[in-house]
Amino acid sequence: MIIIAYSTKLSDAIHILSYIYIFKDEDLSSQTISKSIKTNPSVVRRLMSKLKASKLIQTETGKAKPTLTRDPSEITFYHIYRSVEENPIIFHTNPDTNMDCPEGAVIQEVLETHYQSLQQRMEAELSQHTLSEVIVGVKALGKI
């Protein structure tokens with residue numbers, strides 16, 4: 001059985017940012033936000049640290065009142081993605097194929113061309129969607 005790991009950092013970061021915006025007048029501690037995501041507060045703190053380093057949020061030491069640094073309509077999924085993913089490359093080839101096999105020796109090179117194109121299109125698509133779209137959807141469906 002093959003287990004493929006996947007990252008929820010992008011969705012968790014979008015969740016954090018929208019929570020900060022929607023509940024700006026409430027308790028915005030990592031403890032509170034972590035309950036909404038159903039994760040450990042340390043996960044929220046790590047993601048918020050990355051969002052702060054990317055200048056998407058600002059925080060003050062000792063205060064649980066993070067704020068967005070710009071309007072949600074100006075924060076794209078791409079900005080968030082690049083902020084929280086250590087390795088933003090989605091598609092990877094298997095580096096351990098049989099080099100004695102005519103296919104195994106060249107398949108990585110062939111796939112890399114396709115994967116680069118897919119990565120570029122995915123990043124372009126991420127740039128087309130904003131945090132404000134999520135906030136509007138959450139408010140509508142969540143009746144907030």
Report summary line: Rounding to 0.5 Å, atoms OG (Ser83) and NZ (Lys9) come to a distance of 12.5 Å

Query raised in the report: Under 3.5 Å, side chain of Ser49 to main-chain N/O of Arg45, donor-acceptor pair present?
Result: no

Query raised in the report: So, the side chain of His114 versus the backbone of Leu111: is there a donor-acceptor pair under 3.5 Å, distance only?
Result: no

**Report entry** Option from Thr97, Asn94, Asp96 for which side-chain hydrogen bond (donor to acceptor under 3.5 Å, both in side chains) with Gln108 holds
**Finding:** Thr97

Query raised in the report: Closest approach of Glu133 and Gln128, non-hydrogen atoms and distance?
Result: OE2-O, 3.5 Å

**Report entry** Heavy-atom donor-acceptor pair, Lys65 side chain to Glu26 backbone, under 3.5 Å
**Finding:** yes

Query raised in the report: So how far is it from Tyr19 OH to Ile33 CD1, rounded to the nearest 0.5 Å?
Result: 6.5 Å

Requested in this report: Treat each ILVMFWY residue as a node, draw an edge where side-chain heavy atoms are under 4.5 Å apart, and state whether Tyr21 and Ile144 are in one component.
Outcome: yes

Query - Test log, rule side-chain contact (heavy atoms from CB on, under 4.5 Å), inputs Asn40 and Ser34 - result: CA-CA 6 Å; Asn40 191 293; Ser34 71; over 6 Å; no

Query raised in the report: Where the side chain of Thr8 meets the backbone of Ser11, is there a donor-acceptor pair that is under 3.5 Å apart?
Result: no

Query - Donor + acceptor pair across side chains of Lys52, Thr59 (<3.5 Å) - result: yes

Query raised in the report: Does any non-hydrogen side-chain atom of Thr130 lie less than 4.5 Å from one of Phe77?
Result: no

Report summary line: Between Glu74 and His79 the two heavy atoms that sit nearest each other are O-CE1, 3.5 Å

**Report entry** Backbone of Ser132 reached by a side-chain donor or acceptor of Ser73 within 3.5 Å
**Finding:** no

**Report entry** Nearest atoms (heavy-atom pairs only) where Leu47 meets Ala13
**Finding:** CD1-N, 4.2 Å

Query raised in the report: When rounded to the nearest 0.5 angstrom, what distance separates CD1 in Ile75 from NZ in Lys55?
Result: 14.0 Å

Query raised in the report: Under 3.5 Å, side chain of Gln58 to main-chain N/O of Leu68, donor-acceptor pair present?
Result: no

Requested in this report: Taking all non-hydrogen atoms of both residues into account, name the closest pair between Leu131 and Ser18 and its distance.
Outcome: CD1-N, 3.9 Å

Query raised in the report: Applying salt bridge (Lys or Arg N to Asp or Glu O under 4.0 Å), which residue pairs with at least one partner in residues 109-129 are found, sequence neighbours left out?
Result: Arg82-Glu123

Query raised in the report: Of all heavy-atom pairs between Leu10 and Leu126, which one has the smallest distance, and what is that distance?
Result: CD2-CD2, 4.3 Å

Query raised in the report: Ile37 and Leu141: same hydrophobic cluster, using ILVMFWY side-chain contacts below 4.5 Å?
Result: no

**Report entry** Shared hydrophobic cluster for Ile20 and Phe23 (ILVMFWY, side-chain gaps under 4.5 Å)
**Finding:** yes

Query raised in the report: Between Lys139 and Ile22, is any pair of side-chain heavy atoms under 4.5 Å apart?
Result: yes

Query raised in the report: Taking the side chain as C-beta and beyond, is there a heavy-atom pair between Ile89 and His92 under 4.5 Å?
Result: yes

Query raised in the report: Looking just at side-chain N and O atoms, do Thr32 and Ser29 make a donor-acceptor pair shorter than 3.5 Å?
Result: yes

Query raised in the report: Under 3.5 Å, is there a donor-acceptor pair between the His129 and Thr76 side chains?
Result: no

Query raised in the report: Is the backbone N or O of Leu56 less than 3.5 Å from a side-chain atom of Ser54, with the two atoms forming a donor-acceptor pair by type?
Result: no

Report task. Determine, using the 4.5 Å side-chain heavy-atom cutoff (strictly less than), whether Ile90 and Ile80 are members of one ILVMFWY cluster. Result -> yes

Query raised in the report: Under a 4.5 Å cut-off applied to non-hydrogen side-chain atoms, are Ile107 and Thr93 in contact?
Result: no

Query - Trace of the side-chain contact (heavy atoms from CB on, under 4.5 Å) decision for Lys24 with Thr67 - result: CA-CA 7 Å; Lys24 58 183 153 252; Thr67 56; over 6 Å; no

Query - Smallest separation among heavy atoms of Ile57 and Met48, with atom names - result: CD1-O, 3.5 Å

